[in-house]
2 protein chains.
Amino acid sequence: MNRADASLIAIRRILRATEQFGRELAQSAGLTPVQFRVLQIVAERGDSTATAIAQRMHVSQATVTSLVDRLVRQGMVVREKSRTDRRQTNILITDKGRRTIEDAPDPLHQRYVDEFLAMEDWEQAMIVAALERVAAMLDAKDMDASPVLDARDIRHEIRDEPAEEPHAAG
Amino acid sequence: MNRADASLIAIRRILRATEQFGRELAQSAGLTPVQFRVLQIVAERGDSTATAIAQRMHVSQATVTSLVDRLVRQGMVVREKSRTDRRQTNILITDKGRRTIEDAPDPLHQRYVDEFLAMEDWEQAMIVAALERVAAMLDAKDMDASPVLDARDIRHEIRDEPAEEPHAAG
DNA sequence: GATGCTATTTAGCCTACCAAAGCAATTTGG
DNA sequence: CCAAATTGCTTTGGTAGGCTAAATAGCATC
């Protein structure tokens, strides 16, 4: 086994683990990964709007509407018209929704961070250097990814600027 | 910026780059990532069967049927009954299909391998060590991932043993 | 030649996505 | 103050990718 292969395999394990985790998380909560992600976003502040969620997840409002529909049907969130601007609909998390989030296993990144911090200084430095090297090799552009490890949204976050040109292609 | 965050960001960039690549590839080939993946598998030997594809991709045969339908409609592959066992349908790649594969940009992993091999020995070793460390942190189990970096199938390859218990939750 | 296994397709359903059209409320520009 | 534009969201209708269950067809065997 050469080292190029060894590194590819490791990368693949990382990808898989991240995906897998999102799936487990969502399943234990009785939601799909994407639904869970929506719930997480709502949970952050207790409420949110469809537009905000759509932007965070880089999907269309229409998609968010249907995802929220499902969460409403399951009693995870409720819709409520905003008093200040009645065009807006606030999506509020319910107790059940909050419990669902809380009962879910620790976010992957927490688990990771704990282990990471337990490492020795030199090893931390080595890992950061290596990962950044790999990231640079795979992805020439240096984007600003947020430090939250969450497979549930990478699937679409790559559509970076939907504002400019809505991809007229069929 | 602490190093735990830096490492998470790098991991995320790796995930994104992999996904992104699958998408670019698919767009330049005029196929979706999954369809392209099927075509790749058929292209490997020039032909394949639905079952083989289903196993490789860890999806059901029914799913493969509909994917192959689309590839047939686009003239990328043709179906042909096997002479030796007429239950089997061989899926043969066409010239167009082969050209599509060939015209597609280099597989991500090839690009990566080239760069990886260009590195100095000590750096290769460091990267392998770091990646394996991270993979171990994220994913306790040591699975046998193949040394092919390909986002297009990790999405579902994680369903390792659907035989046991099909997760009755609805 | 019935029984059963294997390979595939068909049928029906789901989630997740999108664009376009529609509706409602607010803001803007006379 | 009213019409028009803009904004926020939902509805509608479509696509892709996934599933299970059932149908179809061929092989194997006793």
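Lettering follows sequence order; numbering is per chain, from 1.
Across every non-hydrogen atom of B/Glu115 and A/Met137, the tightest pair is OE2-O, 3.3 Å. The two atoms that bring A/Thr49 and A/Asn90 nearest to each other are CG2-ND2, 3.8 Å, heavy atoms only. The minimum heavy-atom distance linking B/Gln124 with B/Met119 is given by the pair NE2-O, 3.3 Å. Annotation for A/Val134 and B/Leu131: closest pair CG2-CD1, 4.0 Å, computed over non-hydrogen atoms.
The side-chain contact (heavy atoms from CB on, under 4.5 Å) test with A/Ile91 is passed by exactly one of A/Leu39, A/Val38, A/Val42, A/Leu71: A/Val42.
Remark: P of D/dG8 and CD of A/Gln55 are 9 Å apart, rounded to the nearest angstrom. Taking atom CZ of residue B/Arg37 and atom C1' of nucleotide D/dA16, one finds them 18 Å apart after rounding to whole Å. Rounded to whole Å, atom C1' of D/dC9 lies 12 Å from atom CD1 of A/Ile53. The CG atom of A/Leu31 sits 14 Å away from the C1' atom of C/dA16 (whole-angstrom rounding).
Residue A/Val34 places its side chain closer to C/dA16 than to any other of D/dG18, C/dA16, C/dA11.
Inter-residue side-chain proximity for B/Val34 and B/Met57 is flagged as met; some heavy-atom pair is nearer than 4.5 Å.
Put simply, A/Ser60 has a side-chain N or O that comes within less than 4.0 Å of OP1 or OP2 on C/dC18.
Nearest-nucleotide positions on DNA chain C for B/Ser48 and A/Arg73 put B/Ser48 closer to the 5' end.
Residues meeting the side chain to side chain contact (heavy atoms under 4.5 Å, CB included) test with A/Ala62, sequence neighbours left out: A/Ser60. In this structure A/Ser82 satisfies the side-chain hydrogen bond (donor to acceptor under 3.5 Å, both in side chains) test together with A/Thr84, sequence neighbours excluded. Applying the side-chain hydrogen bond (donor to acceptor under 3.5 Å, both in side chains) test to A/Glu123 and every residue at least two apart in sequence or in another chain returns B/Arg133.
Within residues 75-84 of chain A, no residue approaches DNA chain C, by heavy-atom distance under 4.0 Å. Within residues 63-71 of chain A, the residues having any heavy atom under 4.0 Å from DNA chain C are, by residue number, A/Thr63, A/Leu67, A/Arg70.
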At a cut-off of 3.5 Å, list every protein nitrogen or oxygen paired with a nitrogen or oxygen from nucleotides 2-7 of chain C, distance to 0.1 Å.
{"unit_1": "C/dT6", "atom_1": "O4'", "unit_2": "B/Arg87", "atom_2": "NH1", "d": "3.2"}
{"unit_1": "C/dT6", "atom_1": "O2", "unit_2": "B/Arg87", "atom_2": "NH1", "d": "3.4"}

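Salt-bridge formation is not detected for the pair B/Asp103/B/Lys96: no Lys NZ or Arg NE/NH1/NH2 atom is positioned less than 4.0 Å from an Asp or Glu carboxylate oxygen.
For the atom pair CG (A/Leu67) and CD1 (A/Ile53), the distance works out to 8.5 Å, reported to the nearest 0.5 Å.
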